[in-house]
Amino acid sequence: MIVTGLVATYPVGGVAWDYLQYVLGLRALGCDVWYLEDTGQWVYDPVAQDFTADLRRNARYLHDALVFLDPALATRWAVRDPMGAYHGLDRATVESLCAGADLFLNVSGACWLRDAYRGAKVAAFVDTDPAYNQAKLAIVDAGGGSEEVRQAAEMIRRHDVFFTTGEHIGAPDCRIPTAGLVWHPTRQPVVLDRWSNAGPPGDVFTTVMSWKIEPDAPVIDGQRYGGKATEFARIEDLPRQTPEALAVAVSGEAPRAALTSQGWQVVDGATVSATMDDYRRYLAGSRGELSIAKNAYVATRSGWFSTRSAAYLASGRPVVVQDTGWSAHIPPGPGLHAFDDAPQAIAALAAIRADYGTATRHAREVAAAYFEAGAVCRRLLAD
(Lines give C-alpha, C1' and ligand atoms only; values in the text may rest on other atoms or scores of the structure.)
Protein backbone atom coordinates (compact mmCIF):
# COMPACT_ATOMS: atom_id res chain seq x y z
CA MET A 1 0.00 0.00 0.00
CA ILE A 2 1.08 3.54 -0.80
CA VAL A 3 0.18 6.27 1.70
CA THR A 4 0.61 9.93 0.76
CA GLY A 5 0.82 13.03 2.91
CA LEU A 6 2.30 16.47 3.53
CA VAL A 7 4.99 15.78 6.13
CA ALA A 8 7.90 17.09 4.07
CA THR A 9 5.79 19.90 2.63
CA TYR A 10 4.87 21.22 6.09
CA PRO A 11 7.56 19.86 8.44
CA VAL A 12 5.87 20.33 11.81
CA GLY A 13 4.96 17.78 14.45
CA GLY A 14 1.18 17.92 14.17
CA VAL A 15 1.23 17.38 10.41
CA ALA A 16 3.62 14.44 10.78
CA TRP A 17 1.31 12.73 13.27
CA ASP A 18 -1.72 13.31 11.03
CA TYR A 19 -0.32 11.40 8.06
CA LEU A 20 2.13 8.93 9.53
CA GLN A 21 -0.44 7.34 11.83
CA TYR A 22 -2.01 5.95 8.64
CA VAL A 23 1.32 4.23 7.97
CA LEU A 24 1.47 2.79 11.49
CA GLY A 25 -2.19 1.78 11.52
CA LEU A 26 -2.00 -0.10 8.23
CA ARG A 27 1.30 -1.75 9.15
CA ALA A 28 -0.27 -3.01 12.38
CA LEU A 29 -2.89 -4.78 10.24
CA GLY A 30 -0.11 -6.58 8.38
CA CYS A 31 -0.01 -4.37 5.30
CA ASP A 32 3.21 -3.66 3.38
CA VAL A 33 3.19 0.15 3.52
CA TRP A 34 5.30 2.79 1.75
CA TYR A 35 5.06 6.57 2.09
CA LEU A 36 5.10 8.86 -0.97
CA GLU A 37 4.96 12.66 -1.17
CA ASP A 38 4.66 14.49 -4.48
CA THR A 39 2.70 17.73 -4.43
CA GLY A 40 4.52 19.36 -7.33
CA GLN A 41 4.83 22.44 -5.11
CA TRP A 42 7.52 24.22 -3.14
CA VAL A 43 7.83 23.22 0.53
CA TYR A 44 7.55 25.28 3.71
CA ASP A 45 10.63 26.27 5.67
CA PRO A 46 9.46 26.93 9.26
CA VAL A 47 12.73 28.67 10.15
CA ALA A 48 12.53 31.21 7.32
CA GLN A 49 8.70 31.12 7.45
CA ASP A 50 8.66 31.00 3.67
CA PHE A 51 8.46 28.45 0.86
CA THR A 52 11.44 27.00 -0.95
CA ALA A 53 12.21 24.61 -3.79
CA ASP A 54 15.12 23.11 -1.81
CA LEU A 55 13.74 19.91 -0.35
CA ARG A 56 16.84 18.55 1.39
CA ARG A 57 16.08 19.77 4.92
CA ASN A 58 12.40 18.83 4.63
CA ALA A 59 13.23 15.34 3.34
CA ARG A 60 15.50 14.85 6.34
CA TYR A 61 12.65 15.92 8.62
CA LEU A 62 10.41 13.25 7.06
CA HIS A 63 13.11 10.60 7.42
CA ASP A 64 13.66 11.47 11.08
CA ALA A 65 9.92 11.46 11.78
CA LEU A 66 9.55 7.98 10.31
CA VAL A 67 12.53 6.69 12.29
CA PHE A 68 11.06 8.25 15.45
CA LEU A 69 7.99 6.08 14.93
CA ASP A 70 9.79 2.93 13.78
CA PRO A 71 13.40 2.52 12.59
CA ALA A 72 12.15 -0.05 10.07
CA LEU A 73 10.52 2.83 8.15
CA ALA A 74 13.88 4.53 7.48
CA THR A 75 13.99 3.37 3.85
CA ARG A 76 10.26 3.20 3.08
CA TRP A 77 9.68 6.70 1.79
CA ALA A 78 10.13 8.97 -1.18
CA VAL A 79 9.58 12.65 -1.90
CA ARG A 80 9.61 14.18 -5.35
CA ASP A 81 10.75 17.80 -5.45
CA PRO A 82 9.33 20.48 -7.78
CA MET A 83 12.15 19.88 -10.26
CA GLY A 84 11.34 16.17 -10.57
CA ALA A 85 14.19 14.77 -8.46
CA TYR A 86 13.40 12.05 -5.92
CA HIS A 87 14.66 11.92 -2.35
CA GLY A 88 14.65 8.64 -0.46
CA LEU A 89 13.60 5.91 -2.89
CA ASP A 90 14.51 6.52 -6.52
CA ARG A 91 11.99 7.13 -9.27
CA ALA A 92 12.14 3.62 -10.75
CA THR A 93 11.50 2.02 -7.36
CA VAL A 94 8.60 4.36 -6.62
CA GLU A 95 6.95 3.67 -9.95
CA SER A 96 7.45 -0.09 -9.51
CA LEU A 97 5.87 0.00 -6.05
CA CYS A 98 2.90 2.00 -7.32
CA ALA A 99 2.42 -0.39 -10.24
CA GLY A 100 2.22 -3.37 -7.90
CA ALA A 101 0.20 -1.79 -5.09
CA ASP A 102 -3.22 -2.95 -3.98
CA LEU A 103 -4.10 0.50 -2.69
CA PHE A 104 -2.91 4.04 -3.39
CA LEU A 105 -4.27 5.97 -0.39
CA ASN A 106 -4.10 9.64 -1.32
CA VAL A 107 -4.63 11.31 2.04
CA SER A 108 -5.74 14.94 1.64
CA GLY A 109 -5.31 14.40 -2.11
CA ALA A 110 -1.76 15.42 -1.23
CA CYS A 111 -0.07 13.54 -4.03
CA TRP A 112 -0.38 14.57 -7.66
CA LEU A 113 -1.85 11.47 -9.29
CA ARG A 114 0.64 11.13 -12.13
CA ASP A 115 0.20 8.39 -14.72
CA ALA A 116 3.22 6.58 -13.27
CA TYR A 117 1.40 6.30 -9.92
CA ARG A 118 -1.85 4.93 -11.32
CA GLY A 119 -0.94 1.25 -11.48
CA ALA A 120 -2.47 0.41 -8.09
CA LYS A 121 -5.61 -1.74 -8.10
CA VAL A 122 -7.49 0.99 -6.21
CA ALA A 123 -6.76 4.70 -5.94
CA ALA A 124 -8.59 6.18 -2.93
CA PHE A 125 -9.02 9.90 -2.26
CA VAL A 126 -9.24 10.90 1.42
CA ASP A 127 -10.87 14.32 1.77
CA THR A 128 -9.56 15.97 4.95
CA ASP A 129 -10.82 19.42 3.95
CA PRO A 130 -14.59 19.01 3.49
CA ALA A 131 -16.42 21.85 1.73
CA TYR A 132 -13.21 23.03 0.04
CA ASN A 133 -12.83 19.99 -2.23
CA GLN A 134 -16.54 19.56 -2.98
CA ALA A 135 -16.85 23.27 -3.81
CA LYS A 136 -14.18 22.89 -6.49
CA LEU A 137 -16.02 19.93 -8.01
CA ALA A 138 -19.35 21.76 -8.00
CA ILE A 139 -17.89 24.89 -9.60
CA VAL A 140 -16.29 22.88 -12.41
CA ASP A 141 -19.46 20.84 -12.91
CA ALA A 142 -21.29 24.14 -13.38
CA GLY A 143 -18.83 25.15 -16.10
CA GLY A 144 -16.76 27.58 -14.00
CA GLY A 145 -13.47 27.67 -12.17
CA SER A 146 -9.94 28.73 -12.98
CA GLU A 147 -7.49 26.45 -14.75
CA GLU A 148 -6.01 25.54 -11.36
CA VAL A 149 -9.43 24.63 -9.94
CA ARG A 150 -10.30 22.58 -13.03
CA GLN A 151 -7.03 20.65 -12.74
CA ALA A 152 -7.67 19.98 -9.04
CA ALA A 153 -11.20 18.76 -9.73
CA GLU A 154 -10.00 16.52 -12.54
CA MET A 155 -7.35 15.04 -10.28
CA ILE A 156 -9.93 14.24 -7.58
CA ARG A 157 -12.17 12.45 -10.08
CA ARG A 158 -9.29 10.24 -11.28
CA HIS A 159 -9.62 8.19 -8.09
CA ASP A 160 -11.76 5.08 -7.73
CA VAL A 161 -13.08 5.48 -4.17
CA PHE A 162 -13.77 8.63 -2.12
CA PHE A 163 -13.53 9.10 1.63
CA THR A 164 -14.20 12.20 3.72
CA THR A 165 -13.62 13.34 7.28
CA GLY A 166 -16.80 15.35 6.83
CA GLU A 167 -18.92 12.59 8.33
CA HIS A 168 -22.14 14.57 7.99
CA ILE A 169 -21.96 14.93 4.21
CA GLY A 170 -25.19 13.56 2.75
CA ALA A 171 -27.27 14.43 5.82
CA PRO A 172 -30.31 16.70 5.21
CA ASP A 173 -28.82 19.59 7.21
CA CYS A 174 -25.38 19.43 5.57
CA ARG A 175 -24.84 22.11 2.90
CA ILE A 176 -21.92 20.43 1.16
CA PRO A 177 -22.77 18.97 -2.27
CA THR A 178 -21.72 15.43 -3.10
CA ALA A 179 -20.87 16.41 -6.70
CA GLY A 180 -22.24 13.08 -7.83
CA LEU A 181 -19.72 11.04 -5.82
CA VAL A 182 -20.25 8.52 -3.02
CA TRP A 183 -18.34 9.87 0.00
CA HIS A 184 -17.52 7.19 2.56
CA PRO A 185 -17.15 8.67 6.06
CA THR A 186 -13.84 8.13 7.80
CA ARG A 187 -11.87 9.46 10.78
CA GLN A 188 -8.30 10.16 11.74
CA PRO A 189 -6.53 6.95 12.84
CA VAL A 190 -4.82 7.35 16.22
CA VAL A 191 -2.23 4.84 17.43
CA LEU A 192 -3.26 4.80 21.07
CA ASP A 193 -0.10 3.39 22.60
CA ARG A 194 1.88 6.36 21.20
CA TRP A 195 -0.24 8.72 23.33
CA SER A 196 -0.75 6.63 26.47
CA ASN A 197 2.11 7.90 28.68
CA ALA A 198 0.85 11.43 28.99
CA GLY A 199 1.93 12.08 32.57
CA PRO A 200 0.23 14.66 34.80
CA PRO A 201 -1.88 17.35 33.14
CA GLY A 202 -1.02 21.02 33.21
CA ASP A 203 -3.17 23.93 34.33
CA VAL A 204 -4.06 25.47 30.96
CA PHE A 205 -6.58 24.55 28.26
CA THR A 206 -4.71 24.89 25.00
CA THR A 207 -4.97 24.40 21.27
CA VAL A 208 -2.57 24.51 18.33
CA MET A 209 -3.55 26.23 15.10
CA SER A 210 -2.45 28.12 12.03
CA TRP A 211 -4.30 31.40 11.89
CA LYS A 212 -4.43 31.63 8.13
CA ILE A 213 -2.54 29.11 6.03
CA GLU A 214 -5.39 27.83 3.94
CA PRO A 215 -6.76 27.69 0.38
CA ASP A 216 -9.21 30.19 -1.02
CA ALA A 217 -12.55 30.34 0.78
CA PRO A 218 -15.04 27.86 -0.69
CA VAL A 219 -18.18 29.13 -2.40
CA ILE A 220 -21.21 26.83 -2.34
CA ASP A 221 -24.57 27.83 -3.85
CA GLY A 222 -23.34 31.41 -4.03
CA GLN A 223 -22.33 31.61 -0.37
CA ARG A 224 -18.69 32.19 0.56
CA TYR A 225 -17.47 30.52 3.74
CA GLY A 226 -14.64 31.75 5.93
CA GLY A 227 -11.77 30.33 7.93
CA LYS A 228 -10.78 30.18 11.59
CA ALA A 229 -10.74 33.92 12.26
CA THR A 230 -14.49 34.08 11.57
CA GLU A 231 -15.27 31.53 14.25
CA PHE A 232 -12.65 32.67 16.76
CA ALA A 233 -14.50 35.98 16.98
CA ARG A 234 -17.33 34.07 18.67
CA ILE A 235 -15.13 33.13 21.63
CA GLU A 236 -12.51 35.87 21.68
CA ASP A 237 -13.76 37.21 25.04
CA LEU A 238 -13.90 33.75 26.63
CA PRO A 239 -10.87 34.15 28.96
CA ARG A 240 -12.73 36.93 30.80
CA GLN A 241 -15.76 34.71 31.38
CA THR A 242 -14.20 31.58 32.89
CA PRO A 243 -11.70 30.91 35.69
CA GLU A 244 -9.85 28.48 33.42
CA ALA A 245 -6.57 29.60 31.87
CA LEU A 246 -6.80 29.49 28.08
CA ALA A 247 -3.93 29.44 25.59
CA VAL A 248 -3.54 29.30 21.84
CA ALA A 249 -0.33 28.11 20.20
CA VAL A 250 -0.58 29.89 16.89
CA SER A 251 1.36 30.16 13.65
CA GLY A 252 0.78 32.55 10.81
CA GLU A 253 -0.27 36.18 10.79
CA ALA A 254 -2.42 36.09 13.91
CA PRO A 255 -3.46 39.20 15.86
CA ARG A 256 -1.26 38.25 18.82
CA ALA A 257 -1.49 41.57 20.63
CA ALA A 258 -5.28 41.56 20.43
CA LEU A 259 -5.47 37.99 21.67
CA THR A 260 -3.21 38.79 24.62
CA SER A 261 -5.28 41.84 25.53
CA GLN A 262 -8.38 39.65 25.62
CA GLY A 263 -6.78 37.32 28.16
CA TRP A 264 -5.44 34.54 25.95
CA GLN A 265 -1.99 33.14 26.60
CA VAL A 266 -0.33 33.27 23.18
CA VAL A 267 2.35 30.67 22.46
CA ASP A 268 4.52 30.26 19.37
CA GLY A 269 2.97 27.42 17.36
CA ALA A 270 6.19 26.56 15.54
CA THR A 271 8.01 25.98 18.81
CA VAL A 272 5.48 23.63 20.39
CA SER A 273 5.17 21.66 17.16
CA ALA A 274 8.79 21.63 15.98
CA THR A 275 9.01 17.83 16.24
CA MET A 276 6.54 15.02 16.75
CA ASP A 277 7.73 14.63 20.33
CA ASP A 278 7.41 18.38 21.01
CA TYR A 279 3.83 18.32 19.76
CA ARG A 280 2.87 15.25 21.77
CA ARG A 281 4.46 16.70 24.90
CA TYR A 282 2.61 20.02 24.52
CA LEU A 283 -0.78 18.32 24.17
CA ALA A 284 -0.07 16.02 27.11
CA GLY A 285 1.06 18.95 29.25
CA SER A 286 -2.28 20.69 28.77
CA ARG A 287 -5.30 20.48 31.03
CA GLY A 288 -7.42 19.91 27.94
CA GLU A 289 -8.30 21.52 24.63
CA LEU A 290 -10.58 24.46 23.90
CA SER A 291 -10.84 25.26 20.19
CA ILE A 292 -12.88 26.39 17.23
CA ALA A 293 -13.05 25.09 13.64
CA LYS A 294 -13.01 26.81 10.26
CA ASN A 295 -16.22 28.62 9.44
CA ALA A 296 -16.51 26.46 6.29
CA TYR A 297 -16.66 23.32 8.45
CA VAL A 298 -19.09 24.80 10.98
CA ALA A 299 -21.57 26.68 8.79
CA THR A 300 -21.95 23.83 6.29
CA ARG A 301 -22.51 21.24 9.06
CA SER A 302 -19.73 19.10 7.61
CA GLY A 303 -19.24 16.75 10.55
CA TRP A 304 -15.47 17.36 10.47
CA PHE A 305 -13.51 16.52 13.63
CA SER A 306 -9.96 17.70 14.16
CA THR A 307 -7.07 15.23 14.07
CA ARG A 308 -5.52 17.40 16.77
CA SER A 309 -8.56 16.99 19.03
CA ALA A 310 -8.40 13.22 18.56
CA ALA A 311 -4.80 13.34 19.81
CA TYR A 312 -5.83 15.33 22.90
CA LEU A 313 -8.46 12.67 23.63
CA ALA A 314 -5.92 9.88 23.18
CA SER A 315 -3.70 11.68 25.69
CA GLY A 316 -6.54 11.58 28.21
CA ARG A 317 -7.15 15.31 27.94
CA PRO A 318 -10.77 16.57 27.86
CA VAL A 319 -11.80 18.39 24.71
CA VAL A 320 -14.21 21.31 24.25
CA VAL A 321 -14.60 22.03 20.54
CA GLN A 322 -17.03 23.73 18.23
CA ASP A 323 -19.75 21.51 16.81
CA THR A 324 -19.52 21.05 13.05
CA GLY A 325 -22.14 18.33 13.07
CA TRP A 326 -19.67 15.80 14.49
CA SER A 327 -21.84 15.32 17.59
CA ALA A 328 -24.31 13.34 15.45
CA HIS A 329 -21.59 10.72 14.92
CA ILE A 330 -19.36 10.86 18.01
CA PRO A 331 -21.44 11.17 21.20
CA PRO A 332 -20.34 13.97 23.54
CA GLY A 333 -19.86 13.24 27.23
CA PRO A 334 -17.80 14.20 30.28
CA GLY A 335 -14.52 14.30 28.36
CA LEU A 336 -15.78 15.56 25.00
CA HIS A 337 -18.01 18.61 24.72
CA ALA A 338 -19.52 20.30 21.68
CA PHE A 339 -20.41 24.00 21.69
CA ASP A 340 -22.13 26.43 19.37
CA ASP A 341 -21.48 29.63 21.34
CA ALA A 342 -19.44 31.04 24.20
CA PRO A 343 -21.99 30.27 26.98
CA GLN A 344 -21.98 26.60 25.98
CA ALA A 345 -18.17 26.54 25.99
CA ILE A 346 -18.13 28.13 29.47
CA ALA A 347 -20.60 25.53 30.75
CA ALA A 348 -18.48 22.72 29.29
CA LEU A 349 -15.34 24.01 31.01
CA ALA A 350 -17.26 24.24 34.30
CA ALA A 351 -18.49 20.64 33.94
CA ILE A 352 -14.95 19.40 33.36
CA ARG A 353 -13.69 21.39 36.35
CA ALA A 354 -16.38 19.83 38.56
CA ASP A 355 -15.20 16.25 37.86
CA TYR A 356 -11.88 16.31 36.08
CA GLY A 357 -11.04 12.65 36.79
CA THR A 358 -14.17 11.39 35.05
CA ALA A 359 -13.54 13.75 32.14
CA THR A 360 -10.00 12.45 31.57
CA ARG A 361 -11.10 8.82 31.67
CA HIS A 362 -13.95 9.48 29.26
CA ALA A 363 -11.63 11.36 26.87
CA ARG A 364 -9.40 8.31 26.53
CA GLU A 365 -12.44 6.03 26.15
CA VAL A 366 -13.71 8.16 23.27
CA ALA A 367 -10.33 7.94 21.54
CA ALA A 368 -10.32 4.15 21.90
CA ALA A 369 -13.91 3.75 20.73
CA TYR A 370 -13.90 6.12 17.75
CA PHE A 371 -10.33 6.83 16.60
CA GLU A 372 -8.28 3.70 17.30
CA ALA A 373 -6.06 3.23 14.24
CA GLY A 374 -6.76 -0.46 13.72
CA ALA A 375 -10.53 0.00 13.67
CA VAL A 376 -10.38 3.13 11.49
CA CYS A 377 -8.07 1.46 8.96
CA ARG A 378 -10.09 -1.78 8.89
CA ARG A 379 -13.26 0.16 8.08
CA LEU A 380 -11.42 2.14 5.41
CA LEU A 381 -10.11 -1.04 3.77
CA ALA A 382 -13.54 -2.66 3.90
CA ASP A 383 -15.12 0.35 2.19
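If you're wondering where the values come from, they're calculated on a predicted model, not measured in any experiment. Computed over heavy atoms, backbone and side chain alike; hydrogens, waters and symmetry mates excluded. When a residue number appears, it is its place in the shown sequence, counting from 1.
- Ser309 pairs with exactly one of Arg317, Gln188, Glu289 by the side chain to side chain donor-acceptor pair (under 3.5 Å) rule, that one being Glu289.
- Under the 4.5 Å side-chain heavy-atom criterion for grouping Ile, Leu, Val, Met, Phe, Trp and Tyr, Val208 is connected to Tyr61 within one hydrophobic cluster.
- Between the side chain of Ser273 and the backbone N or O of Gly269, no donor-acceptor pair lies under 3.5 Å.
- The distance from atom CZ of Arg175 to atom CD1 of Ile169, rounded to the nearest 0.5 Å, is 14.0 Å.
- When side chains are defined from C-beta on, Tyr35 does not count as touching Leu73, because their heavy atoms never get closer than 4.5 Å.
- Nearest approach of Ala270 to Ser251, heavy atoms of both residues: N-OG, 3.4 Å.
- Arg118 and Asp160 are not joined by a salt bridge, as no carboxylate oxygen comes within less than 4.0 angstrom of a charged side-chain nitrogen.
- With rounding to the nearest 0.5 Å, the separation of CD in Gln134 from CG in Asp129 is 9.0 Å.
- Checking Tyr225 against Thr230 by side-chain atom types alone, no donor-acceptor pair falls below 3.5 Å.
- A salt bridge is absent between Arg194 and Asp70: the closest approach of a Lys/Arg side-chain nitrogen to an acidic carboxylate oxygen does not fall below 4.0 angstrom.
- With respect to Arg158 and Asp115, a salt bridge is recorded, a charged nitrogen being found less than 4.0 Å from a carboxylate O.
- For the pair Thr186 and Arg379, the minimum side-chain heavy-atom distance is 4.5 Å or more.
- Note on Val79 and Leu69: same hydrophobic cluster, where clusters join Ile, Leu, Val, Met, Phe, Trp and Tyr whose side-chain heavy atoms are under 4.5 Å apart, directly or indirectly.
- Classification of Asp45 and Arg57 as a salt-bridged pair holds, one side-chain N sitting under 4.0 Å from a carboxylate O.
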Is there a side-chain contact (heavy atoms from CB on, under 4.5 Å) between Ile292 and Glu236? Walk through the geometry before answering.
CA-CA 10 Å; Ile292 47 85; Glu236 62 185 7; over 6 Å; no
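- Scanning all heavy atoms of the two residues, the minimum distance from Ser315 to Trp195 falls at OG-CE3, 3.4 Å.
- Here the shortest heavy-atom pairing between Thr52 and Trp42 reads O-CB, 3.3 Å.
- Put simply, OG1 on Thr324 and CG on Asn295 are 12.0 Å apart, with the number rounded to the nearest 0.5 Å.
- Annotation: the span from Gln265 atom CD to Leu246 atom CG amounts to 8.0 Å, rounded to 0.5 Å.
- Here the side chain of Tyr356 pairs a donor or acceptor atom with the backbone of Arg287 at under 3.5 angstrom.
- Side-chain polar atoms of Thr128 and Thr165 form no donor-acceptor pair below 3.5 angstrom.
- In this structure, Asp193 places its CG atom where more than 12 heavy-atom neighbours from other residues, nucleotides or ligands lie under 6.0 Å away.
- Although no hydrogens or angles enter the test, the distance criterion places no donor-acceptor pair under 3.5 Å between the side chain of Arg80 and the main chain of Ala85.
- The main-chain N or O of Gly166 is found under 3.5 Å from a side-chain atom of Thr164 such that the two form a donor-acceptor pair.
- Residues Ala310 and Ala367 come closest through the heavy atom pair O-CB, 4.5 Å.
- With contacts defined as side-chain heavy-atom distances shorter than 4.5 Å, the pair Leu381/Cys31 qualifies.
- Between the side chain of Thr260 and the backbone N or O of Arg256 there is at least one donor-acceptor pair closer than 3.5 Å.
- Counting heavy atoms from C-beta outward, Ile352 and Pro334 have side chains that stay 4.5 Å or more apart.
- Looking at every heavy atom in both residues, Gly316 comes nearest to Pro318 through O-CD, 3.8 Å.
- The shortest distance between side-chain heavy atoms of Val376 and Leu380 does not fall below 4.5 Å.
- Close placement of the Phe371 and Phe305 rings is indicated, their centers lying within 6.0 Å of each other.
- The backbone N or O of Val94 sits nowhere less than 3.5 Å from a side-chain atom of Asp90 that would complete a donor-acceptor pair.
- The pair Arg150-Glu147 meets the salt-bridge criterion, with a side-chain N (NZ, NE, NH1 or NH2) lying under 4.0 Å from an Asp/Glu carboxylate O.
- At a cut-off of 3.5 Å, with distance as the only test, a side-chain donor of Tyr117 or Asp38 sits close to an acceptor on the other residue.
- Side chains of Tyr312 and Thr206: a donor-acceptor N/O pair is present below 3.5 angstrom, by distance only.
- Annotation: the span from Phe104 atom CZ to Cys98 atom SG amounts to 5.0 Å, rounded to 0.5 Å.
- For the pair His159 (side chain) and Ile156 (backbone), a donor-acceptor distance under 3.5 Å is present.
- Side chains of Glu37 and Thr9: a donor on one and an acceptor on the other come within 3.5 Å.
- Side-chain atoms of His87 and Asn58 include no donor-acceptor pair closer than 3.5 Å.
- Summarising the geometry, atom CZ belonging to Phe162 is positioned 8.0 Å from atom CZ belonging to Phe125; distances are rounded to the nearest 0.5 Å.
- A donor-acceptor pair under 3.5 Å links the side-chain atoms of His362 to the main chain of Gly335, judged by distance alone.
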Apply the test salt bridge (charged side-chain N to carboxylate O under 4.0 Å, His left out) to residues Glu231 and Arg234: give CA-CA distance (whole Å), side-chain angles for both, the deciding distance (0.1 Å), then the verdict.
CA-CA 5 Å; Glu231 295 302 322; Arg234 298 175 182 271; 2.7 Å; yes
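- Heavy-atom minimum distance, Ala245 versus Asp203: CB-O, 4.0 Å.
- No more than 12 heavy atoms of other residues, nucleotides or ligands lie within 6.0 Å of CG in Asp221, so this atom counts as exposed by the packing criterion.
- Of the possible donor and acceptor atoms, none in the side chain of Glu167 sits under 3.5 Å from a partner among the backbone N and O of Gly303.
- Between the side chain of Trp211 and the main chain of Ala229, no donor-acceptor pair closer than 3.5 Å is present.
- In this structure, Arg91 pairs ionically with Glu95, as a charged nitrogen and a carboxylate oxygen lie closer than 4.0 Å.
- Within the 4.5 Å cutoff, the side chain of Val320 has heavy atoms near those of the Phe339 side chain.
- Trp264 and Phe232 have their aromatic ring centers within a separation under 6.0 angstrom.
- Met276 and Leu283 fall within the same hydrophobic cluster, where Ile, Leu, Val, Met, Phe, Trp and Tyr residues are linked whenever their side-chain heavy atoms come under 4.5 Å apart, directly or through other members.
- Taken together through direct or relayed side-chain contacts under 4.5 Å among Ile, Leu, Val, Met, Phe, Trp and Tyr, Val33 and Val126 form part of one hydrophobic cluster.
- Criterion: ILVMFWY side-chain heavy atoms under 4.5 Å apart, direct or through other members. Under it, Leu36 and Trp77 are not part of a common hydrophobic cluster.
- Taking the side chain as every heavy atom from C-beta outward, Arg301 and Asp323 approach each other to under 4.5 Å.
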Give the C-alpha distance, both sets of side-chain angles, the deciding distance and a yes or no for side-chain contact (heavy atoms from CB on, under 4.5 Å) between Phe68 and Thr275.
CA-CA 10 Å; Phe68 169 77; Thr275 69; over 6 Å; no
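- Residues Tyr370 and His329 form no side-chain contact, since every pair of their non-hydrogen atoms from C-beta on lies 4.5 Å or further apart.
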Hey, mind stepping through Phe205 and Thr242 against side-chain contact (heavy atoms from CB on, under 4.5 Å) and telling me if it holds?
CA-CA 11 Å; Phe205 279 82; Thr242 174; over 6 Å; no
Evaluate the side-chain contact (heavy atoms from CB on, under 4.5 Å) criterion for residues Val161 and Asp383: first the C-alpha distance (whole Å), next the side-chain angles of each, then the deciding distance (0.1 Å), finally the verdict.
CA-CA 8 Å; Val161 185; Asp383 287 341; 5.7 Å; no
